[in-house]
Amino acid sequence: MKLAIRDDDTCYFTDPSELERVYHDVWDRVPICLAAVPFAIGYERAGIPREHWHDGEAFALERNRALTGFLKTLIAGRRATIALHGYTHQDYPDGFEFQAAPDPERRVADGLRYLRDTLGAATSKSMTISNSMTISIFVPPHNAMSRRGLAAVGAAGLNILGSFLSFRPSMRPWDYMTPANWLRVRQFRRRTGRTRDDRLIYPHVLRYADHAEFGCHSLIPGTTVEELTAAFDEAKNAGGDFCLATHYWEVDAPMKNVLLRFLDHAARDSDVRFVAAEELFA
Ligand SMILES: [Zn+2]
């Protein structure tokens with residue numbers, strides 16, 4: 001069984017010390033998949049200065065030199081991998097970025113190129129570093145995607161690490177793999193006694209014609225160790241894998257404690273391998 005961790009919202013507004021504070025005693029056990037925003041535009045959340053909540057200014061990641069240098073070191077040390085987390089992460093009046101932006105295709109292409117150029121090339125030409133800078137995962141801002149947003153990401157060949165759980169055929173482009181995936185999810189629901197409205201995170205990768213998808217379990221304020229271990233045990237009993245998703249900017253001491261106790265629970269199981277999130281799709 002594979003276990004991975006994803007952390008969202010690394011961007012211009014991130015101070016390296018915030019990542020260090022949360023993960024200094026975690027990333028040597030399990031590499032953190034940092035879902036990063038290339039050109040962050042502010043919105044209302046902790047960690048973004050209030051004056052940038054509504055100013056609409058796009059902040060390129062590289063304007064935070066301390067951060068890009070820090071990320072390169074993490075990548076080279078295999079403590080972190082990088083995923084694409086939208087392009088600006090901005091909220092539109094009628095939806096989140098990958099639901100409402102007029103140009104999701106361009107955002108994926110430009111965002112990928114920017115992150116590779118900014119965090120990959122400049123450090124070293126060595127194979128090791130360039131390989132570890134391969135970006136193969138997209139994390140949708142606010143876990144929300146329109147049909148077109150999903151198609152844009154799939155066409156770019158990126159796998160999707162979401163926390164959206166339901167499998168709504170009406171919300172996605174269809175390909176020849178879709179019906180079988182729909183059936184798998186439905187059978188899993190039945191086997192676990194869930195109805196259509198019950199929360200479900202399917203514990204296996206779903207493969208589509210041009211990409212694959214995997215659902216994460218959220219660690220947010222209020223999440224308990226018991227909830228996570230129960231979800232983990234269910235995934236394990238189903239022969240599946242597990243990915244935990246959180247936001248460094250809301251991890252306080254109680255949440256950190258939940259994270260460590262959960263990892264200890266998982267580590268007691270000799271079948272469990274702590275992996276980079278990219279390996280979930282291997
Ligand atoms: Zn986000």
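Whatever order the structure lists them in is the order used to number ligands and atoms, beginning at 1. Quick caveat: nothing in here was measured; it's all calculated off a predicted structure. By convention here, the first residue in the shown sequence is residue 1.
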**Q** For a ring-ring contact (aromatic ring centres under 6.0 Å, His included) with Phe242, tell me which candidate from Tyr202, Phe214, Phe232, Phe274 qualifies.
**A** Phe232
**Q** Work out the angle at the Zn ion (ligand 1) between NE2 of His85 and NE2 of His89, rounded to 10°.
**A** 90°
**Q** Do Pro31 and Arg78 touch side chain to side chain, with heavy atoms closer than 4.5 Å?
**A** no
**Q** Restricting to N/O/S, name the atom of Asp9 that gets closest to the Zn ion (ligand 1).
**A** OD1
**Q** Is there a side-chain contact between Thr229 and Arg261 in this structure, where contact means two heavy atoms from C-beta onward sitting under 4.5 Å apart?
**A** no
**Q** Okay, side chain of Asn64, backbone of Leu67: is any donor-acceptor separation there less than 3.5 Å?
**A** yes
**Q** For the Zn ion (ligand 1), decide whether Asp8 has an N, O or S atom at a distance under 2.8 Å.
**A** no
